[in-house]
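Please read the structure below before turning to the comments.
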Number of protein chains: 2
Amino acid sequence: MTRQAAGATREKLLIAASDVFVEKGFRDATVAEICRRAGANISAVNYYFGSKKALYQEAWRHSFAESIAAHPQDGGVSEAAPPEERLRGQVKALIERIADESSKDFFISQMEFANPTGLLHEVMKSELIPLREKTLSVVRELLGPEATEEQVALCETCILGMCMHPLLMQRARQRLKIPEAPVVIHDLGAYIEHVMKFALAGIRAIRGQCRISRGPHR
Amino acid sequence: MTRQAAGATREKLLIAASDVFVEKGFRDATVAEICRRAGANISAVNYYFGSKKALYQEAWRHSFAESIAAHPQDGGVSEAAPPEERLRGQVKALIERIADESSKDFFISQMEFANPTGLLHEVMKSELIPLREKTLSVVRELLGPEATEEQVALCETCILGMCMHPLLMQRARQRLKIPEAPVVIHDLGAYIEHVMKFALAGIRAIRGQCRISRGPHR
DNA sequence: AACAATTTTAAATTCATATTTAAAATAAAC
DNA sequence: GTTTATTTTAAATATGAATTTAAAATTGTT
């Protein structure tokens with residue numbers, strides 16, 4: 001057979017692997033199918049990655065890098081913009097990232113909960129904590145100097161939940177073909193604005209309560 | 001060997017199965033281990049349930065029924081209470097249900113995303129849609145008669161996300177032993193109140209906007 | 001106590017798939 | 001053009017687990 005350009009087979013395997021892992025999960029995905037889709041031989045996985053598990057981990061990293069590159073965390077909003085706009089940028093980036101059909105990393109993460117391979121330990125520290133830190137700092141600014149770290153963390157958690165859960169469900173609906181599940185989000189932009197309304201109203205409510213609870217009657 | 005009381009082996013299998021499926025996922029859970037933990041023979045699963053998959057589905061139903069029985073959807077709040085209190089009851093019930101270490105149904109659902117067995121199709125219609133309908137109706141009341149169904153659905157979705165995602169993450173953290181993941185929720189009661197603050201502030205913001213957009217200048 | 005129905009048991013079977021192996025093919029180096 | 005390193009291939013091996021089978025044990029019934 002004619003040989004591929006250097007690294008081409010490896011790359012094809014990573015892409016095919018992401019697809020198959022997303023479709024079938026770690027255990028139900030077979031090395032055979034991944035190789036077939038990549039147009040490679042059955043032993044290519046072991047040759048290039050050593051094992052199915054190692055391929056799986058590499059495929060996640062590959063998908064994550066691609067999806068973050070396509071949707072940078074700041075959502076295209078400048079560091080100098082007011083905090084409200086920066087939060088909107090981050091919410092927009094996250095929601096669009098999850099909604100983007102080409103991003104696979106969330107599904108691989110979801111799978112990790114079902115079939116843990118230890119990948120999350122690593123990824124948590126190197127990738128997810130830094131992303132979270134950025135959001136915490138914008139929320140901290142919006143809450144003002146009186147807010148406790150506890151309040152900052154709770155607000156960030158709520159915002160993350162409003163972005164993650166609905167969009168993960170929406171994609172699961174398509175992916176697993178569950179027509180019984182309700183379609184709630186018809187327009188991404190409208191949903192982003194809706195989340196922002198909840199987030200800002202919630203943050204304002206917490207701010208208000210801070211001020212009250214520190215009055216002269218205390 | 002001495003024989004068990006009628007139905008005892010079956011029940012033990014259901015419980016052992018829930019545990020093992022939660023720990024390992026569908027594929028990585030073995031019939032052998034389930035039987036071992038239930039103190040039953042290797043062929044008990046096929047005798048009582050016909051197949052591993054049928055056991056899995058029965059185990060989910062069993063877990064779901066138990067967890068709903070332990071945390072009824074209304075959260076102990078009367079139908080006659082004001083809508084704000086009824087929403088608080090539902091939020092409390094959901095959050096406490098997910099946090100309850102003995103409830104397994106959420107993890108089995110999460111697994112379904114990774115290793116779909118078709119269970120969700122059924123469950124969606126018979127169990128989840130009715131639960132959602134109840135929440136939608138309280139939210140509808142809170143938003144007032146001017147709100148569109150679209151707005152009602154978006155608000156419910158945000159509230160659900162704030163309850164589900166953080167608590168699922170928290171339990172995944174324990175279950176998969178990921179010390180790297182941040183612990184955000186230290187006190188369930190405080191988190192419930194935090195979610196309620198966001199929910200009510202968000203709903204109020206949407207209400208306000210309705211009123212404005214229907215003014216005389218329209 | 002004998003019979004029938006149910007439940008439990010251990011062993012055998014079947015099946016699927018990850019991994020290994022070694023040979024063949026190709027490209028790069030000198 | 002020969003040698004060397006890399007990549008691809010097909011076949012063989014090993015492994016792990018679900019399922020089936022049929023016999024043995026237990027309980028309930030008359």
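The sequence lines fix the lettering, A, B, ..., with proteins before strands; numbering per chain opens at 1.
Salt bridge annotation for E180(B)-R173(B): absent, with no cationic side-chain nitrogen under 4.0 angstrom from a carboxylate oxygen. A salt bridge is defined here as a Lys NZ or Arg NE, NH1 or NH2 lying under 4.0 Å from an Asp or Glu carboxylate O, and E79(B) with K134(B) meets this definition. The existence of a salt bridge linking E193(A) and R88(A) is confirmed by a sub-4.0 Å separation between a basic side-chain nitrogen and an acidic carboxylate oxygen.
Ranking dT8(C), dT19(D), dT21(C) by closeness to the S43(A) side chain, first place goes to dT21(C). Residue S51(B) has its side chain nearest to dT19(D) when only dT8(C), dT20(C), dT19(D) are considered.
S67(B) and R97(B) share a side-chain donor-acceptor pair at under 3.5 Å.
Protein atom CG of N41(A) is 12 Å distant from nucleotide atom C1' of dT21(C), rounded to whole Å. Counting to the nearest Å, the P atom of dA18(D) and the OH atom of Y48(B) are 19 Å from each other. N46(B) has its CG atom 14 Å from the C1' atom of dT8(C), to the nearest Å. Between the CD1 atom of I42(B) and the C1' atom of dA12(C) there is a distance of 13 Å, given to the nearest Å. Atom P of nucleotide dT19(C) and atom OH of Y56(A) are separated by 15 Å, given to the nearest angstrom. Taking atom CZ of R36(A) as the reference point, atom C1' of dT8(D) lies 18 Å away to the nearest angstrom. Between F49(B) atom CZ and dA18(D) atom P there is a gap of 15 Å when expressed in whole angstrom units. For the pair K53(B) NZ and dT19(D) P, the interatomic distance rounds to 10 Å; values are reported in whole Å.
Between D19(B) and the options R37(B), K104(B), K24(B), a side chain to side chain donor-acceptor pair (under 3.5 Å) holds for only K104(B).
Relative orientation of the Y56(B) and F21(B) rings is perpendicular, given thresholds of 30° and 60° on the angle between their planes.
Taking every heavy atom of residues 15-34 of chain A and every atom of DNA chain C, pairs under 4.0 Å involve A29(A), T30(A), V31(A), A32(A), by number.
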